[in-house]
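Report on the following structure.
These figures come from a predicted structure and were not determined experimentally. Throughout, a chain's letter reflects where its sequence line sits, starting with A, and its residues are numbered from 1.
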Amino acid sequence: MPDLLLELFSEEIPARMQAKAADDLRRLVTDKLVAEGLVYEGAKAFATPRRLALTVHGIPARQPDLKTERRGPKVGAPDAAVQGFLKATGLKSLDEAKIQRDPKGDFYIGLIEKPGRDAIDVLAEILPVIIRTFPWPKSMRWGARSGKPGSLNWVRPLHAITATFGLETEEPDVVKFEVDGIESGQTTYGHRFLAPAAISVRRFEDYEAKLLDAKVVLDPERRKDTILTDAKQLAFAQGFELVEDQTLLDEVAGLVEWPVVLMGSFEPEFLATPAEVIRATIRNNQKCFVVRDPKTGKLASKFILVANIEATDGGATIIAGNVRVIRARLSDAKFFYETDLKTKLEERLPKFEQIVFHEKLGTQAERIKRIERLAAEIAPLVGADVAKATRAAHLAKADLLTEVVGEFPEVQGLMGRYYALAQGEDASVAAACEEHYKPQGPADRVPTDPVSVAVALADKIDTLVGFWAIDEKPTGSKDPYALRRAALGVIRLIAENALRLSLMKVAASALGGLSVQPADAQKLPHDLLAFFADRLKVQLREQGARHDLVDAVFALGGQDDLLMIVRRVEALGKFLDSDDGKNLLAGTKRASNILSIEEKKDKRSFDGAPDAALYSLAEEKALAKAIGEVQAEASAAVAKEDFAAAMSAMAKLRPPVDAFFDKVRVNDEDAKVRENRLKLLNEIRSATRAVADFSKIQD
Amino acid sequence: MTALSVPFALIPIPAVDTVPRDSNPPREPDLTMDASLPAHMRPERSFQGFILALQRFWAEQGCVILQPYDMEMGAGTFHPATTLRALGPKPWNAAYVQPSRRPKDGRYGENPNRLQHYYQFQVIMKPSPPNLQELYLKSLAAIGIDSAVHDIRFVEDDWESPTLGAWGLGWECWCDGMEVSQFTYFQQVAGFECAPVAGELTYGLERLAMYVQGVDRVYDLNFNGREGDAKVTYGDVFLQAEREYSKHNFEVADTAMLFEQFKMAENACRKYLDAGWKDGKREAHLMALPAYDQCIKASHVFNLLDARGVISVTERQSYILRVRELAKACGEAWIHTEAGGAA
């Protein structure tokens, strides 16, 4: 079966957009083919800085014929209706129609046969539409045609379209179409500098090979492999080790069609600047890799660059040029760093009075004061020294005003640590300057130093409470202030450090520190707690745990100690995995079901203690006794925070519950006995509430 | 354009007589350096020769070679030959040097590559020709940058000027890791869609010249291409000015006067715009250019106030908005003028 080759040749496509564009092209073309009844065998898309390419192989040469039936007017219908039917179906006369009988009468049925079209014609129709509506994140107009409405939008000016279709054994045909004055053909171009001439291509195999001859490596994965292998080798040959960087590799591979890896060096004196700053400078500004000494793990005064040409001088000029730029950049970075060291962190703080954090939440200075207060309050709860926590909160944001962080926002926090150590702060205070931002995401490390923990919690809780107070909560996919991440950070800080903390109290205190007060200030901590519950569920779900158990625990009410919630959920999960747990859950649900039916019937509830005098059967008495014992035992265990013991106690309830349902008829003819037994069922439900609300647990 | 404010020094390219140009013949008709030029006029020897080479190259492409606009501005884009001429349907090809004033970038002459006054070379072609990238690369060849030994790259850079209400897509052009130009396809200027789209090139002249001359410090650039006693450096021409203007911009500029000037320029701009509508009907405008001068003025005064540090973060945004409103109103007036394409 024939194959399609499509190439869209343009001016340089931003590196960050290439992978998605290739994927979009493949998806859009193949989806459309399938929708047109053309089921293909395989497809692969590629991107370089100057082209998007797609090969789809094994496309049927023709669409299958389509037969559809169309119901027409009733036999004997007015002529206008008949004519309309003939026109719609393409039948010459009613003789060509069938007649079908149904309860409403006899109807004409027209059989429409739509012969399949040649795939190449279908392609000529769908490709220009896909090109015109291509989902670039940002696109533009250009050239003389942009003077008129409706001109093509593309990521950068589009210059040529190659589109061929045919069998491996034959000369393929060009899929003929035109987009905004660009006619499809089979001519593309090689490397911008190394082989700029036009190339005539037939199908994917010769296309890829001819491009390679013309110094274009089509497949980004292959370019990445080349870069990585060559970079590692180049580093190794000089006794160094490449500092691998996947994001940078992806980007660099999107900036070259013919990667040539070269190494340059800078003056070792620059290594006195923090390694992270050197790396950020070299990586962000110059898109070069750094290398380290494999023995010490420290950065070496070398960098690796990826050029797009094989230079006639072997790259000497390119290296010399990059060396110059990197030297100038590192001089700037060194200057910034040294300038920063001249000013103490606290001397920067007054400037925060001029910087608005959020128009409704005041300045950064006000925010820092709130975090300080809250950190001092949290410190004793997490075993941190109050003075250190306060000091750390006082200084933690100051590095935002330093030159280095202004230049490289990604080293915020880290620079605070460097500067704090340089001015002789306590090691924990310095660490907190960096770590109070952590954890940044599910994969990030959770700090363990109590000072860091106190400030990290204070920072996050202040943010959450603040945005809750001004009603800027996350909605759907929108979470501009990263509040979900902050909440998850709080959960992880508490759970992984096994902290005991009443979130409600801390939230209420944080709220008290705000200058704005929401109308429903009372409700806010509860709302926020529900948000934490949601985040906890999401986190448990991601870990493959049962998130419905979180609901079962939260439904008990008054639960705001995250650690206890997590522990209880864990114990409950284990219990419900056991046979005792499963059966007790089933028994409890059965009790609940019966109760709700009877409650509805009688339009009353069956609260209150059952009357022991009304028990007539042994199973009733046994159950009543067991409930009393289990409830006491489980509550005592919960009070000691021994949830495993509480669950073991619960397990004891299973045999009497099972026996009760086996032997006892709840709906006794004696109304009093019936009521008493329903009350007993209600007791099962309340007994289990010592550990969780079983009704919230899904089966 | 903003990203060009930090010119970085680059390597010495091999001395020109060692470049084996004959053994490596250009693939295209010779648009590269003119070998017949006397040494002191060659772009890799003299700053002025460098500018002349660019002017000559773009003149060959049919551009009108304009002289700098006679007002202070932060970037060549502010020149009415770009901002206003980018609007409307009429073709327009121009190139010019524009002194760019960035009061905040002054360093008292002490930084080797940061200046409060420097030159941009600006090219605008409307509609953007299909081979604009090729033309750009040839212009680099014309100033001595050979693509056989230099790694030239087009790296994504979307341009936006909040003060001009303008944006476009394009690249920063890299040569061996150094940003040497900005390349933009204007999509919108003064809040109006560009139809057709203009292509804009901005060369950071000092940075490029330092690169081809192989000097690390901007003040060491050879300005006139002469040697010995006859040599005039960039420092001879501008170092004193950098010191004086840095002091002025950061320490002394009269802020009360500047605040007043901002208001005056803003009011004058509005006044000229109102008065310019022919017969009071919003069909034809007779004074878009004088009004726009006041917009340029307001923008520069704002930059001076900003350098003096007397504009707070919140006020800053509102000043930028005020200038943008002027730019938009001027753009609106311009498209109702003859050059702006009004019937």
> How many angstroms lie between atom CZ of A:R50 and atom CD of A:Q18, to the nearest 0.5 angstrom?
Replying inline: 12.5 Å
>> Distance alone, cut at 3.5 Å: any donor-acceptor contact between the side chains of B:Y118 and B:D105?
In response: no
> Would you say the side chains of B:Q182 and B:E172 form a donor-acceptor pair under 3.5 Å?
Replying inline: no
> Measuring heavy-atom distances to chain B, does A:S139 have an atom under 4.5 Å in its side chain, in its backbone, in both, or in neither?
Replying inline: backbone
> Measuring heavy-atom distances to chain B, does A:V155 have an atom under 4.5 Å in its side chain, in its backbone, in both, or in neither?
Replying inline: backbone
> Any side-chain donor paired with an acceptor under 3.5 Å for B:Q213 and B:Y234?
Replying inline: no
> Heavy-atom distance under 4.5 Å to chain A: side chain of B:L137, backbone, both or neither?
Replying inline: side chain
> Taking every heavy-atom pair that is under 4.5 Å apart, which of B:G170, B:P130, B:P89 has the most such pairs with chain A?
Replying inline: B:G170
> Does the side chain of B:T77 pick up a donor-acceptor pair with the side chain of B:E200 at under 3.5 Å?
Replying inline: yes
> Do you know which of B:C194, B:P129, B:G199 has the most heavy-atom pairs under 4.5 Å to chain A?
Replying inline: B:C194
> Is it the backbone or the side chain of A:R156 that comes under 4.5 Å from a heavy atom of chain B, or both, or neither?
Replying inline: side chain
> Who wins among A:H159, A:K148, A:Q286 for the most heavy-atom pairs under 4.5 Å with chain B?
Replying inline: A:Q286
> Do you know which of A:M140, A:R141, A:K138 has the most heavy-atom pairs with chain B at a distance under 4.5 angstrom?
Replying inline: A:R141
> Is the closest side-chain donor-acceptor distance between B:Y203 and B:S139 under 3.5 Å?
Replying inline: yes
